[in-house]
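In each ligand, atom 1 is the first atom listed, and ligand 1 is the first ligand listed.
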Amino acid sequence: MSEKVERFKQLKAEALKGGGEARIEKQHAKGKLTARERIHFLLDEGSFQEIGRLVTHRSTLFGLDKQVFYGDGVVTGYGTINGRLVYIFSQDFTVLGGSLAEAHAEKITKVMDLAVKNGAPVIGLNDSGGARIQEGVVSLGGYADIFYRNVLSSGVVPQISVIMGPCAGGAVYSPALTDFILMVENTSYMFVTGPNVVKTVTHEEVSSEDLGGASAHSTKSGVAHLTAANEVEAFEKIKKLISYMPQNCEEDPNRFPYEAGDEKRPVLNGIVPENPNAPYDIKEVIREVLDRNDFYEIHKDFAENIVVGFGRLAGRSIGIVANQPAVLAGVLDINSSNKAARFVRFCDAFNIPLLVFEDVPGFLPGTDQEWNAIITNGAKLLYAFSEATVPRVTVITRKAYGGAYDVMNSKHIGADMNFAWPSAEIAVMGAKGAAEIIFKREITSAENPTEMHAQKEKEYADMFANPFRAAARGYIDEIIMPEETREKLIVAFEMLENKVDNLPKKKHGNIPL
Ligand code: HXC
């Protein structure tokens, strides 16, 4: 017996060493923590329970028979974050470069299966050289086993990927299938084909960082939803992110303590400028309406003409989607439609009510947008809102023009409560353009066309550049003063708390992709 205990202790110590001192030092020198240190920082102290510590690879090819590492390059298990259960896998770059092979993949799929059966989020800490080259096709099979589970788990439990080192080739597709990707600045990269292949094929010279670093993916491609300056900051951001979510699709998000007080916010009265074409920052509105210091922005530096993120209103989690008049006048384009549609679908899948702030002059014109399919991409946002059955509330702060009025959570596509500020302009288009079209003859034949244009523009603006006609139709439930917005929203979301709404029976819809 004591011999077996000794052996067990020896194996455990061996497993905890990962790839050994020298490789751990190399890892630290790059500004990266080890797989186990990362788990230590992310989970509640002492909560981690490891699964499969003694798993080893089975291949004996290309010298693998002489290189046996317990755990096979990934630490897996479960624990808690602020007391809530999460499943976790953390790739160990010090063991065969964190490369993924048969046993490594089996360990990951085991925790993914447990997560779905027990209804808790999965967090993947990615730091890997990709498919284990010595193991060949079984590595590819292992990846596919993970991809398959990513898809089946989608919408069942939240899945979060943290990229903390290399993530290249087909390996990128597991994070891509998860709900959120956070990349650590300067030490992580993601690409399907690396700089060498790029150079051979397109003759472009580009570094790994420029091609697929945190900056490229958080500003240009939108692949990364969040970035962090270092690994410790990454963990803080992940902890906060999951605080807004429920454990699974059957549950509601946790409600945070909140004490009712005076909810009037007079500062909101002064945010929308007198000049209807002057920009303002919608984030000022969002921050003022939400519980203090509670706005958690997603995709902050990508498609900044729309703002999305989580927040709390009287302690309740909500998802916010807002046009941003400070960037491109808040116009909808391909990237902003994709960004918002994906966010809306996440919120809907996980019972997070949606709050929309609308100030949109329409869709962005141009060959670039048309040829890259603004038609299909804009339709994604329309589809996502129309399909969402969570409580949905819209506040029109200023412009609600054209098709964009319909798209941005209008009453007609199922929004529950639609408010407008007195500054709202709900119309087919802006008064200037409208007058040009419908009064073309009067303007061109007038003695003073400029004067006539101005007069007709005013006529149109008086008629439509306001919220009153929409309110008369019931498309707007109530016109409210900006300062009342927070209290109105608190009460509206409370009223909608037990909303039940079901889509027609179907296998699944066919969102325009
Ligand atoms: C086996 C690997 C490995 C891999 C790295 N290692 N990648 N072992 N399979 N894929 C090992 C190295 O041999 C080395 O072992 C240790 O990990 C650290 O690697 P280094 O090269 O010393 O580290 P570094 O200089 O930081 O470079 C990291 C790297 C590089 C850029 C990731 O290792 C690299 O280019 N690896 C190969 C990447 C690759 O081509 N992967 C397959 C892609 S195809 P020792 O013993 O010295 O510590 C793919 C398909 C997936 O992934 C398809 C899914 C559908």
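Note that Lys32 lies in the cation-pi zone of Phe93, set by a 6.0 Å cut-off to the ring centre and a 45° limit from the axis.
Close contacts between ligand 1 and Leu140 involve ligand atoms 53 (C) [criterion: under 4.0 Å to a heavy atom]. With ligand atoms numbered from 1 in the order given, ligand 1 contributes 45 (P), 46 (O), 48 (O) to contacts under 4.0 Å with heavy atoms of Arg23. Atoms of ligand 1 found under 4.0 Å from any heavy atom of Gly130, numbered from 1 in the order shown, are 52 (O). Annotation for ligand 1: atoms under 4.0 Å from non-hydrogen atoms of Lys26 are 22 (O). Near Phe147, the atoms of ligand 1 lying under 4.0 angstrom from a non-hydrogen atom of the residue are 55 (C). Listed by number with element, the atoms of ligand 1 under 4.0 angstrom from any heavy atom of Lys30 are 26 (O).
Residue Ile133 places at least one N or O, backbone or side chain, under 3.5 Å from an N or O of ligand 1. Ligand 1 has an N or O atom lying under 3.5 Å from an N or O atom of Gly97, backbone or side chain. By the 3.5 Å distance cut-off applied to N or O atoms, Phe93 is not counted among the residues near ligand 1. The shortest N or O to N or O distance between Ala131 and ligand 1 is under 3.5 Å.
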TODO: Please assess Asp72 against Arg132 for the test salt bridge (Lys or Arg N to Asp or Glu O under 4.0 Å), listing each intermediate value before the final yes or no.
DONE: CA-CA 11 Å; Asp72 203 35; Arg132 187 169 306 154; 2.9 Å; yes
TODO: Given side chain to side chain donor-acceptor pair (under 3.5 Å), test Asn196 with Lys199 step by step and report yes or no.
DONE: CA-CA 5 Å; Asn196 292 342; Lys199 190 171 175 200; over 6 Å; no
- [ ] Step by step, work out the side chain to side chain donor-acceptor pair (under 3.5 Å) result for Asp294 and Tyr244.
- [x] CA-CA 10 Å; Asp294 222 357; Tyr244 294 98; 3.1 Å; yes
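Ser174 and Asn150 share a side-chain donor-acceptor pair at under 3.5 Å. With hydrogens and angles left out, the side-chain atoms of Asn338 and Asn377 include a donor and acceptor closer than 3.5 Å. Under 3.5 Å, the side chains of Ser161 and Thr178 contain a donor-acceptor pair of N or O atoms. Between the side chains of Glu358 and Asn409, no donor-acceptor pair is found at a separation under 3.5 Å. No side-chain donor from either of Ser154 and Arg345 sits under 3.5 Å from a side-chain acceptor of the other.
Within a 4.0 Å radius of atom 25 (O) of ligand 1, the protein contributes no heavy atom. Remark: atom 45 (P) of ligand 1 lies closer than 4.0 Å to at least one protein heavy atom. Protein heavy atoms are absent from the space less than 4.0 angstrom from atom 30 (C) of ligand 1. Distance check for atom 54 (C) of ligand 1: a protein heavy atom is found below 4.0 Å. Within a 4.0 Å radius of atom 10 (N) of ligand 1, the protein contributes one or more non-hydrogen atoms.
Residue Phe343 forms a ring-ring contact (aromatic ring centres under 6.0 Å, His included) with just one option from Phe385, Phe302, Phe310, and that option is Phe310.
The shortest heavy-atom distance from Gly169 to ligand 1 is not under 4.0 Å.
Counting only heavy atoms of the protein, atom 6 (N) of ligand 1 lies nearest to Leu96 O, 3.8 Å. Scanning the protein for heavy atoms near atom 32 (C) of ligand 1, the closest one is Gly129 CA, 3.7 Å. Nearest non-hydrogen protein atom to atom 1 (C) of ligand 1 is Gln134 OE1, 3.2 Å. Protein heavy atom closest to atom 51 (C) of ligand 1, with residue, atom name and distance, is Tyr143 CE1, 3.6 Å.
Phe191 and Tyr189 have parallel rings, their planes meeting at less than 30° on a 0 to 90° scale where 60° marks the start of perpendicular.
Across the listed options Ser99, Gly20, Gly73, Ser99 owns the non-hydrogen atom lying nearest to atom 3 (C) of ligand 1.
Contacts between Tyr189 and ligand 1 below 4.0 angstrom, taking non-hydrogen atoms only, involve the side chain exclusively.
Salt bridge Asp127/Lys30: absent, no basic N to carboxylate O contact under 4.0 Å.
Side-chain rings of His104 and Phe89 stay apart, their centers remaining 6.0 Å or farther from each other.
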